[in-house]
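This report refers to the structure that appears directly beneath it.
As a basis for the values below, the full set of heavy atoms in this structure was taken, side chains included, without hydrogen atoms, waters or symmetry mates. Quick caveat, the model's predicted, so the values are computed rather than measured.
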Amino acid sequence: MRFATRANGTADGELILISRDGARCLPLGARWPNLLHAITDWDALLDDAAALSTTLEEGGGESLDHATLLAPLPRTWQWLDGSAFANHGVLMERAFNHPPIETDLPLMYQGMSHRFLAPREDVAFPTEADCIDFEGEFGIVTDDVPMGCSADEAMGHIRLILLINDWSLRAVAPKEMKTGFGWIQAKPACSAAPIAITPDELGDRWRDGRVCLPLRVEINGDWFGHPSGEAMEYGFHELIAHAARTRHLCAGTIIGSGTVSDVDFNRVGSTCISERRAIEMIAQGQPVTPFLRFGDRVRMCAGTDENIFGELHQTVAAYINVGL
């Protein structure tokens with residue numbers, strides 16, 4: 001099934017079900033006012049949504065206005081972002097002459113979760129000098145995950161799959177990394193594509209906890225990359241098990257894959273500017289591709305023949321009401 005959240009004047013929006021062709025929708029009703037509430041009783045939600053799904057696929061429902069859609073979860077309890085594509089880390093180490101991170105554990109940090117930006121919302125930043133970048137990622141939403149959950153068990157806790165743009169400020173990140181306390185200023189609010197899908201919607205493109213689809217990125221209408229989510233070193237079930245080793249994960253937890261990246265980068269490109277700049281540094285001795293400027297437009301979608309998550313289509317904007 002395909003779910004979305006429609007603006008209705010509340011912080012969490014209105015939960016709606018989307019037809020497979022993306023043209024029609026139906027609200028889930030008073031019992032399921034929003035996705036943050038519904039994720040806590042998932043099986044019951046699916047039972048109620050089944051009849052609505054039949055109505056939609058038979059041509060019923062109302063026309064879907066994509067301009068009204070928010071992030072599927074405009075806010076939630078927890079956002080844990082991984083870095084599960086080994087190639088991305090290798091390129092960063094080579095370009096900046098960093099020693100390898102000596103760990104056999106998945107890389108993950110806890111980021112800002114109280115706001116996810118809408119898919120067509122302008123994204124404001126204080127200054128271009130912060131080196132504004134995007135990161136195309138896939139993400140999953142869990143139900144309640146008990147502490148100590150194994151990777152095999154974790155597969156049953158993946159309820160929805162998302163497409164995410166994890167905005168990053170590259171000039172700020174190194175300063176915060178030196179503190180050893182993680183990111184605050186370098187990681188502002190993420191954006192999310194409008195449609196959240198159940199794993200069965202992917203069919204055989206959901207394998208071993210991985211989204212086996214290309215993630216296409218364009219800047220100002222020009223192709224930037226389309227690497228596949230299949231190249232994850234750790235599947236989402238393994239990321240869940242890592243996060244849940246010493247804590248319970250509440251329903252509504254979002255876990256990100258990290259920047260989608262592939263060893264065949266010369267052919268498939270990248271999903272963030274920093275990686276392309278690293279490739280240029282390795283090949284040419286210096287980066288060429290600039291970071292984003294105010295007014296630049298970033299578009300992301302997944303798949304080739306079918307845009308299953310909808311589109312992220314956003315403009316970088318200046319935030320002027322800030323004192324620095």
Donor-acceptor pair, side chain of Ser257 and main chain of Glu137, under 3.5 angstrom: no
Distance-minimising heavy-atom pair for Glu57 and Ser19: OE2-CA, 3.4 Å
Residues Glu201, Arg20; criterion salt bridge (Lys or Arg N to Asp or Glu O under 4.0 Å); working and verdict: CA-CA 9 Å; Glu201 289 287 317; Arg20 289 199 170 193; 3.1 Å; yes
Check: Val260 main-chain N/O paired with Thr271 side-chain donor or acceptor under 3.5 Å: yes
Phe294/Glu128 under side-chain contact (heavy atoms from CB on, under 4.5 Å): CA gap, chis, key distance, verdict: CA-CA 7 Å; Phe294 296 146; Glu128 293 175 351; 3.5 Å; yes
Sidechain-backbone polar pair: Glu14 side chain, Pro27 backbone, donor-acceptor under 3.5 Å: no
Single-linkage hydrophobic cluster, 4.5 Å side-chain cutoff, Leu15 and Leu162 together: yes
Test side chain to side chain donor-acceptor pair (under 3.5 Å) applied to Thr259 and Glu275, step by step: CA-CA 9 Å; Thr259 306; Glu275 180 174 296; over 6 Å; no
Check: Met300 and Phe309 side chains under 4.5 Å, non-hydrogen atoms: no
His237 side, atom NE2; Ile140 side, atom CD1 - distance, nearest 0.5 Å: 11.5 Å
Donor-acceptor pair between Glu121 and Ser191 side chains, under 3.5 angstrom: no
Whether Phe134 and Phe224 hold their rings parallel, tilted or perpendicular, with breakpoints at 30° and 60°: perpendicular
Separation between CD1 of Ile308 and CD1 of Ile197, rounded to the nearest 0.5 Å: 4.0 Å
Sequence-distant partners of Ser150, side-chain contact (heavy atoms from CB on, under 4.5 Å), two or more places apart: Asp152, Glu153
Residue Ile184 excluded, over 12 heavy atoms near CD1 under 6.0 Å: no
Contact check, side chains of Asp144 and Leu249, non-hydrogen atoms, under 4.5 Å: no
Residue pairs passing the ring pair (Phe, Tyr, Trp, His ring centres under 6.0 Å) test where at least one lies in residues 242-282, sequence neighbours excluded: none
Matching residue for Glu230 among Arg210, Arg207, Arg205 - test: salt bridge (Lys or Arg N to Asp or Glu O under 4.0 Å): Arg207
Interatomic spacing from CG in Leu105 to CZ in Arg245 - rounded to 0.5 Å: 8.5 Å
Residue pair Lys175 / Ala171: nearest heavy atoms and the distance that separates them: CE-O, 3.7 Å
Ring pair (Phe, Tyr, Trp, His ring centres under 6.0 Å) partners of residues 38-93, not counting sequence neighbours, each pair once: Phe3-Trp42, Trp79-Phe116
Gap between atom CH2 of Trp206 and atom CZ of Phe236 - 0.5 Å precision: 6.0 Å
Non-hydrogen atoms of Ile18 and Leu56 that approach each other most closely: C-CD1, 3.8 Å
Glu93 atom CD: more than 12 heavy-atom contacts under 6.0 Å: yes
Donor-acceptor under 3.5 Å (Ser261 side chain, Asn87 main chain): no
Over 12 foreign heavy atoms within 6.0 Å of CZ, Arg94: no
Between CG on residue Leu292 and CD1 on residue Ile219, distance to nearest 0.5 Å: 5.5 Å
Separation of Tyr319 OH from Asp122 CG (nearest 0.5 Å): 14.5 Å
From Asp143, Asp200, Asp41, residue fulfilling salt bridge (Lys or Arg N to Asp or Glu O under 4.0 Å) relative to Arg159: Asp143
Salt bridge (Lys or Arg N to Asp or Glu O under 4.0 Å) assessment of Glu58 paired with Arg24: CA-CA 11 Å; Glu58 291 177 348; Arg24 299 175 313 285; over 6 Å; no
side-chain contact (heavy atoms from CB on, under 4.5 Å) assessment of Trp167 paired with Val123: CA-CA 9 Å; Trp167 296 98; Val123 184; 3.7 Å; yes
Exam field: side chain Glu176 to backbone Ala186, donor-acceptor pair closer than 3.5 Å: yes
Parallel, tilted or perpendicular, as decided by the 30° and 60° cut-offs, for the rings of Tyr109 and Trp183: perpendicular
Minimum heavy-atom distance between Asn307 and Cys301, given as atom pair plus value: OD1-CB, 3.4 Å
Residue pair Asp12 / Thr10, side-chain donor-acceptor N/O under 3.5 Å: no
